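Only one structure is covered here, and it is reproduced in the block below.
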Protein chains: 2
Amino acid sequence: MAQAIRLRQASSPLKASCHTCSLSNLCLPLAVEENDLERLEDIVQQGRIFNRGEHIFDQSTPFRSCFAVRSGSIKTSIITENGEEQVTGFFMPGELVGLDSMSSENYACTAKALERTSVCEFPIEKLEELTGKLPELQHHMYHLMSQEIQNSHQLAMLLSKNTAEERIAALLLSLSSRFQRRRMSGTNFSLPMARNDIANFLGLAVETVSRVFTRFQNQGVIKARGREVELLDVEALQMVSREFSRQGGQ
Amino acid sequence: MAQAIRLRQASSPLKASCHTCSLSNLCLPLAVEENDLERLEDIVQQGRIFNRGEHIFDQSTPFRSCFAVRSGSIKTSIITENGEEQVTGFFMPGELVGLDSMSSENYACTAKALERTSVCEFPIEKLEELTGKLPELQHHMYHLMSQEIQNSHQLAMLLSKNTAEERIAALLLSLSSRFQRRRMSGTNFSLPMARNDIANFLGLAVETVSRVFTRFQNQGVIKARGREVELLDVEALQMVSREFSRQGGQ
DNA sequence: CGTTGTATTGAATTGTCTCAACGATAGTGG
DNA sequence: CCACTATCGTTGAGACAATTCAATACAACG
């Protein structure tokens with residue numbers, strides 16, 4: 001008892017304030033009734049900070065928690081038997097990382113901070129227990145996981161049918177809309193990831209990514225300097241990204 | 001009351017017998033305690049049969065149910081804005097279709113029977129309700145969805161980094177192991193899908209698929225006649241499928 | 001001011017696609 | 001049972017997008 005009180009007090013300063021979190025409309029709290037929010041907050045460990053390059057978790061280590069990005073950004077990747085890396089996703093604030101590991105004892109991928117990043121941790125047993133009690137939350141979990149499947153299908157589609165230009169246009173637009181969701185500029189942002197990661201993620205050579213960037217720039221569609229990107233002609237990008245199958249019919 | 005009894009009686013002959021189903025070790029019953037199995041059986045609609053080419057459900061129609069394949073096989077695909085088709089998966093007996101639609105009002109893809117196919121239907125509201133009551137079942141749902149995410153990542157990887165030969169070898173091995181799971185021959189089976197579907201799924205041209213098949217055949221790795229396939233040298237296929245990155249190192 | 005990692009640019013190579021023709025197979029109706 | 005037709009699968013030759021290899025430019029950092 002006394003211990004319970006002590007714990008509660010001790011964790012109080014660290015305890016999540018989903019109530020006040022600006023991302024609550026994107027993250028798990030979205031699904032939770034105001035009066036149940038405390039129960040979610042009770043299981044969250046909040047405020048862990050990772051520096052650029054640090055691992056949030058590692059492939060093949062015991063799967064314990066899912067993580068919500070609070071600020072910064074994360075890349076997930078799989079290391080194959082050959083030692084090759086495959087980037088499987090980029091995660092921005094409000095997005096949940098680790099859903100692909102819920103089928104195994106160990107993490108299915110490695111999550112790495114692309115910049116100084118703060119996360120909220122949801123221990124999986126507690127989360128599962130809670131979703132069993134809160135149907136809305138369970139529904140939301142299904143929703144998120146399903147979304148992840150769809151995203152991955154979209155990616156597979158992009159990789160199997162689209163040209164380098166189309167893939168990069170699609171990525172830029174995806175990032176753009178994700179920035180916008182957070183009420184940041186959708187046309188003027190800085191890429192959290194290196195060219196290398198983009199290339200890997202999109203199944204291209206780094207050189208190709210570079211070439212496409214400059215090609216877009218020459219066409220006046222974007223302005224790029226290193227990681228700093230400005231989308232000058234969003235419509236053109238949209239054209240490009242869905243303009244496969246039709247030949248040249250701009 | 002009387003109605004309840006009537007319903008129970010009426011549905012009795014159609015009611016699922018997960019108890020006796022040979023696929024219960026792959027499907028949802030896997031996660032359910034013996035004494036809870038009835039509750040799962042209560043929500044299942046079993047025994048719907050579809051002929052080759054018939055749609056189990058259609059993209060953009062209201063999402064109502066997930067389906068477990070009982071016999072036969074299913075392909076799922078997305079139709080893009082351009083009218084292009086993208087095959088997103090093949091489903092064999094014991095596997096669950098529709099998980100990618102749980103984030104939306106409507107089905108995210110179309111499911112089509114590749115041959116005469118029998119399915120069990122799980123209405124989604126009832127399923128969600130039940131998973132809220134049976135933690136093991138909830139866990140299993142998370143497991144399946146997570147698996148689906150991983151599969152899709154694997155596919156993305158295959159599409160982005162591997163050659164035509166590697167992709168096809170991987171597909172053949174995947175099918176092989178899925179046949180084996182059902183205690184069927186893993187080296188001698190007939191492909192449920194057309195070359196066209198294989199090509200679409202793997203992001204290749206039909207011609208390329210054809211060429212690789214004959215190449216494998218000339219190398220004595222497989223024997224193929226139409227959809228009938230025999231894997232003559234499984235190890236060679238395994239070599240091929242994971243032998244990217246290393247150059248020429250047979 | 002080198003050093004290291006990251007990004008860009010160029011030239012040559014190649015795997016896969018496209019286009020096109022042909023063969024095989026299955027289903028249909030006379 | 002045999003054409004007839006449609007669909008599916010195979011094979012060949014040329015084109016092209018992206019890769020690979022190689023060199024250079026740029027930025028951050030101790």
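Within every chain, numbering begins at 1; the chains are lettered A, B, ... in the order of the sequence lines, protein sequences first and strands thereafter. Quick caveat, the model's predicted, so the values are computed rather than measured.
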Can you tell me if [X] uses its side chain to pair, donor with acceptor, with the backbone of [Y] under 3.5 Å?
| X | Y | answer |
| --- | --- | --- |
| A:S146 | B:L99 | yes |
| A:R195 | A:G226 | yes |
| A:S101 | A:A108 | yes |
| A:D233 | A:A236 | yes |
| B:T88 | B:T76 | yes |

Taking atom [atom2] of [N] as reference, at what distance in whole Å does atom [atom1] of [X] sit?
| X | N | atom1 | atom2 | result |
| --- | --- | --- | --- | --- |
| B:F213 | D:dT11 | CZ | P | 12 Å |
| B:L114 | D:dC8 | CG | P | 12 Å |
| A:M193 | C:dA7 | CE | P | 11 Å |
| B:E228 | D:dT10 | CD | P | 13 Å |
| B:N218 | D:dT10 | CG | P | 12 Å |
| B:R195 | C:dA26 | CZ | P | 13 Å |
| B:I198 | D:dC8 | CD1 | P | 13 Å |
| B:K161 | D:dA18 | NZ | P | 15 Å |

(message) Under a 3.5 Å threshold, yes or no: a donor from one side chain and an acceptor from the other, between A:T187 and A:E230?
(response) no
(message) I want to check one thing: is the phosphate of C:dT9, taken as OP1 and OP2, less than 4.0 Å away from some side-chain N or O of A:T214?
(response) yes
Using a cutoff of under 3.5 Å, can you pull out all pairs of nitrogen or oxygen atoms linking the protein to nucleotides 15-18 of chain C, with atom names and distances?
residue: C:dT16; atom: OP1; partner: B:A164; partner atom: N; Å: 2.7
residue: C:dC17; atom: OP1; partner: B:G203; partner atom: O; Å: 3.4
residue: C:dC17; atom: OP1; partner: B:A205; partner atom: N; Å: 3.0
residue: C:dC17; atom: OP2; partner: B:A205; partner atom: N; Å: 3.1
residue: C:dC17; atom: OP2; partner: B:T208; partner atom: OG1; Å: 2.2
residue: C:dT18; atom: O4; partner: B:R211; partner atom: NH2; Å: 3.0

